[in-house]
2 protein chains.
Amino acid sequence: MRPQFLYEKNLQGVANSVKRKQEQYRKIVRHLYYNGAASIAEIVKAVKISQPLVASLVDDLMSYGMLLDKGVGESIGGRRPNLFCLNSEYQYVIGVDINLHTLNLAVFDLSNKQIFREEIKYFDLENSEDYLNSLVDKIESMISQLGISREKFLAVGISIPGLVDAKQGLSHTHLSVAENGLARVLGDRLGINVLLDNDARTMALGEKAFGKAIDKENVLCLNLSNGIGLGMILNGELHSGKNGFAGEFGHILIDPEGKLCYCGKIGCLETLTSGKILVKNIREAVDKGQPTLLANYKKENKKIDLRAVVEAILQGDQFAIDQLNQMCEYLGKGLVTLIHLLNPEMVIIGGKIAHAGKFVIDPVTMSMNKYAMSRISSETELVCSDLLDDSALMGTMANVMRSVLSLD
Amino acid sequence: MRPQFLYEKNLQGVANSVKRKQEQYRKIVRHLYYNGAASIAEIVKAVKISQPLVASLVDDLMSYGMLLDKGVGESIGGRRPNLFCLNSEYQYVIGVDINLHTLNLAVFDLSNKQIFREEIKYFDLENSEDYLNSLVDKIESMISQLGISREKFLAVGISIPGLVDAKQGLSHTHLSVAENGLARVLGDRLGINVLLDNDARTMALGEKAFGKAIDKENVLCLNLSNGIGLGMILNGELHSGKNGFAGEFGHILIDPEGKLCYCGKIGCLETLTSGKILVKNIREAVDKGQPTLLANYKKENKKIDLRAVVEAILQGDQFAIDQLNQMCEYLGKGLVTLIHLLNPEMVIIGGKIAHAGKFVIDPVTMSMNKYAMSRISSETELVCSDLLDDSALMGTMANVMRSVLSLD
DNA sequence: ACTCTTTTATAATTTTTTTTAAAAGTATTC
DNA sequence: GAATACTTTTAAAAAAAATTATAAAAGAGT
């Protein structure tokens with residue numbers, strides 16, 4: 001059986017019995033992917049198929065090379081079970097995390113291990129055929145470098161900033177040169193299925209699958225870097241809205257008397273809270289002679305960017321901390337709106353600013369305490385991501401597997 | 001077979017085959033409830049069960065009296081099909097719409113027809129054993145008046161304002177005298193299962209099942225009366241949040257320099273936009289001698305309440321329209337936040353103010369045009385409910401049937 | 001009148017489950 | 001420390017359930 005069989009849903013002109021069998025296989029693979037090695041008995045309970053049938057399905061999957069016999073496990077008071085697990089080398093997933101200035105690539109095996117990882121700096125995102133070509137080249141060279149045959153790749157998962165319509169595979173903000181839709185164009189060129197989504201949403205999927213949102217049903221994931229992104233897990237599912245435009249948290253109104261935003265509106269959250277603003281404010285202060293660790297950067301002709309600011313904060317730089325605190329007051333205000341509307345159980349802060357840890361969490365918490373109805377907000381936990389810079393990349397893997405193994 | 005069989009999910013200590021059969025029955029009943037009369041062939045396509053099996057399941061349901069043979073239908077080029085439909089008198093649902101000052105009661109049959117309907121005015125909601133008793137009395141007398149045996153009632157659906165945890169059957173804001181949870185207490189007293197939810201969410205369910213949200217996946221329903229409620233359909237499902245506190249739209253921040261809200265925060269949307277404020281402002285103006293149709297009300301010693309204001313607006317009262325327009329500007333601001341965050345395909349305005357029709361829609365639309373990013377908001381349709389005062393009551397029916405017929 | 005459809009009923013076959021039994025342990029008792 | 005009782009896991013046989021295939025019925029269109 002071809003590896004791709006998992007991917008082929010909604011098969012047409014195929015007997016019903018074939019579809020049903022596929023679904024049964026998928027249930028088993030799904031369970032093993034999400035829960036690790038299991039005995040026949042455990043699978044039976046999880047997938048609600050009878051034991052003789054599960055045994056024969058597992059046999060089939062073993063004969064295809066998709067499952068491996070891991071030998072006997074621990075007994076819980078009777079005969080010791082035979083454990084089975086996914087053959088992690090049976091298939092692979094390519095993860096592509098597109099950022100404004102860098103590109104992260106990875107290849108995952110079915111145990112979610114990154115068997116290849118590359119960070120390409122100074123890979124500036126631009127809407128050109130050239131960018132598209134070199135993106136394809138990078139992926140192709142990764143594939144040939146690994147020497148894994150193309151059929152072994154289940155899909156390519158892509159994370160990209162801006163407005164994305166995942167259902168249609170369209171990226172509206174970036175790479176609109178791909179006229180038939182980015183997913184389609186890349187898929188055709190690579191000969192591998194491509195799955196696309198917005199960076200904040202992809203991060204949310206990463207957190208749900210591998211981070212702090214595991215087993216949570218209503219979680220908001222903030223991507224705090226130069227802008228503000230929001231990915232939402234609601235009722236256990238990623239929320240994308242009608243056109244995939246959901247999550248424009250950066251452009252909600254916070255200060256009606258505030259500054260003009262680049263989006264044309266006044267007082268958007270992003271005019272008050274964003275990495276870009278933070279850096280800008282600090283640069284201006286440094287120019288005016290503000291004493292701060294970051295002033296040394298300038299002397300040494302190093303660039304004061306967001307990474308540098310976060311570093312300074314972690315080193316205890318008083319001025320930078322103050323600036324962040326101010327920002328967090330506004331961010332808290334915005335978050336309160338989200339919490340009042342959606343009553344999530346957890347808010348996860350990710351992106352570059354998440355590296356600041358308690359230096360973000362504490363002031364945001366204070367702001368929330370001030371502005372939120374405590375009955376509602378007290379049910380919401382505020383934490384920093386522990387996947388950090390990896391969350392989008394891990395999210396691409398999560399997105400692919402979620403799509404492939406979904407049961408609908 | 002007892003009518004209640006549909007309701008009994010997660011049966012324990014029962015053979016798997018029995019559960020599966022129940023699920024098959026439920027699929028068929030579900031299809032007939034949501035789509036009306038159908039032939040065996042149509043059911044086969046919809047529920048994905050083979051034709052011989054569907055035929056025998058339908059036979060069973062007929063013999064239980066749950067289904068009726070509607071005779072032959074139109075041919076589409078071959079033998080004319082035999083149509084089957086739900087026996088609408090096989091079971092009934094009680095709907096209870098609790099408002100601050102009135103109580104709406106109804107009994108629905110399985111064709112969603114209100115076979116009984118009563119509006120009880122001056123039935124002020126208060127947190128007392130007395131209220132609970134007279135609520136039960138009203139329901140009991142309705143039941144005995146109809147002469148339908150208790151077993152025929154599938155469930156009681158209740159809509160109530162305030163914070164509600166539907167999963168647990170708890171009403172936090174009102175009727176907390178019911179110590180074991182309102183749903184439980186009423187259920188025990190009535191001897192019928194009780195389903196509880198917040199009024200705005202219940203309205204959203206009503207709109208999704210019977211109103212303008214049919215076939216839509218992402219819809220926001222506003223309950224604009226004395227306060228502001230919000231019910232959200234996201235990814236086709238009602239969103240309640242972790243504790244059922246989602247939808248506190250009235251308490252999102254709109255004006256940081258604004259007035260103190262009764263919730264303790266400053267500048268909440270409800271301090272700027274709500275029926276209560278509208279009425280208050282108009283009353284004050286009337287006292288100061290403002291020329292308006294509503295001034296006559298005062299002369300005639302009639303009360304200036306929200307209903308009167310809406311009436312005046314519909315009669316073209318310039319001052320009242322102006323006041324509403326002002327309110328709508330703020331409401332639009334708030335809605336923009338929602339639309340940016342959730343990218344819904346439709347926003348439905350319900351509640352007493354929805355009676356004003358275009359007098360709300362137009363100014364809110366204008367405000368949205370001003371404050372929203374048009375790429376996102378242009379995908380969102382803004383309409384008034386056509387269920388109007390019935391939406392919560394219809395929603396209780398929808399809630400019960402959704403719960404009973406869900407396939408999980 | 002004939003062919004072509006669609007719907008329904010019946011028979012045959014396949015699939016799946018339940019039942020039963022065997023295998024391989026653990027815990028306990030004497 | 002072996003024998004026994006009790007578990008859990010797996011395998012095989014028997015029974016049940018569900019589907020596919022086939023045929024018949026009932027009508028539409030030409």
Side-chain angles (χ1 to χ4, degrees), chain A residues 1 11-28 31-32 35-63 67-85 407, chain B residues 1 11-28 31-32 35-63 67-85 407:
Chain A
M1 183 179 277
L11 287 170
Q12 267 155 351
V14 164
N16 242 329
S17 59
V18 174
K19 288 189 199 169
R20 198 167 52 242
K21 185 130 289 189
Q22 268 205 353
E23 203 177 299
Q24 292 166 338
Y25 286 139
R26 206 152 57 215
K27 278 185 184 171
I28 292 175
H31 183 256
L32 293 176
N35 302 280
S39 66
I40 299 284
E42 284 170 338
I43 298 174
V44 165
K45 274 176 210 150
V47 303
K48 294 183 182 169
I49 301 176
S50 72
Q51 171 260 317
L53 181 51
V54 167
S56 102
L57 293 166
V58 166
D59 267 2
D60 294 349
L61 289 170
M62 296 258 291
S63 75
L67 261 50
L68 294 178
D69 190 331
K70 269 195 77 178
V72 290
E74 285 303 289
S75 162
I76 53 168
R79 174 172 168 176
R80 290 164 66 188
N82 224 342
L83 297 181
F84 300 89
C85 68
L407 298 177
Chain B
M1 183 178 277
L11 287 169
Q12 266 155 352
V14 164
N16 242 329
S17 58
V18 174
K19 287 189 200 168
R20 198 169 51 243
K21 183 130 288 187
Q22 268 204 353
E23 204 177 298
Q24 291 167 339
Y25 286 140
R26 207 152 55 216
K27 279 184 184 170
I28 292 175
H31 183 255
L32 293 177
N35 302 281
S39 66
I40 299 283
E42 283 169 338
I43 298 174
V44 165
K45 274 176 210 150
V47 302
K48 293 183 182 170
I49 301 176
S50 72
Q51 172 260 318
L53 182 51
V54 167
S56 103
L57 292 166
V58 166
D59 267 1
D60 295 348
L61 289 170
M62 296 258 292
S63 74
L67 261 50
L68 294 178
D69 190 332
K70 270 195 78 178
V72 291
E74 286 303 289
S75 160
I76 51 168
R79 175 171 167 177
R80 290 165 66 189
N82 225 342
L83 297 181
F84 300 89
C85 69
L407 297 177

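All of these numbers come straight from a predicted model, not from anything done at the bench. Every chain is numbered from 1, with letters handed out A, B, ... down the list of sequences. Basis for what follows: all heavy atoms, side chains included, without hydrogens, waters or symmetry-related copies.
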- Task: Could you tell me whether the side chain of Lys27(A) reaches within less than 4.5 Å of the side chain of Ile43(A), counting heavy atoms only?
- Result: no
- Look up atom CD in Gln22(B) and atom CD in Gln24(B), then write down how far apart they are to the nearest 0.5 Å. 10.5 Å
- Query: If you walk 5' to 3' along DNA chain D, what is the first nucleotide with an atom under 4.0 Å of a heavy atom in chain A, and what is the last?
  - Reply: dT7(D) to dT20(D)
- Item | Set of residues satisfying side-chain contact (heavy atoms from CB on, under 4.5 Å) with respect to Leu68(A), sequence neighbours excluded | Cys85(A), Asn87(A)
- Task: Taking all non-hydrogen atoms of both residues into account, name the closest pair between Phe84(B) and Leu32(B) and its distance.
- Result: O-CD2, 3.6 Å
- Query: Heavy atom of residues 40-53 of chain B under 4.0 Å from DNA chain D: which residues?
  - Reply: Ile49(B), Ser50(B), Pro52(B), Leu53(B)
- Could you write nucleotides 23-29 of chain C as a row of B, S and -, 5' to 3', where a protein heavy atom under 4.0 Å of any base atom gives B, of only sugar-phosphate atoms gives S, and otherwise -? BBBS---
- Sequence neighbours excluded, every pair satisfying side chain to side chain donor-acceptor pair (under 3.5 Å) that has a member inside residues 41-61 of chain A: Tyr25(A)-Asp60(A)
- side chain to side chain contact (heavy atoms under 4.5 Å, CB included), paired with Val44(A), selected from Ile28(A), Val54(A), Leu53(A), Ile49(A): Val54(A)
- Message: For a quick check of understanding: with a heavy-atom distance under 4.0 Å over all strands, which category does Glu74(A) fall into, base, sugar-phosphate or nothing?
- Response: nothing
N/O donor to acceptor pairs below 3.5 angstrom from side-chain atoms of residues 72-82 of chain B, sequence neighbours left out:
unit_1, atom_1, unit_2, atom_2, d
Ser75(B), OG, Gly77(B), N, 2.9
Ser75(B), OG, Gly78(B), N, 3.0
Ser75(B), OG, Gly78(B), O, 2.6
Arg80(B), NE, Gly73(B), O, 3.2

- Gap between atoms NZ and C1', on Lys70(B) and dT7(C) respectively (whole Å): 18 Å
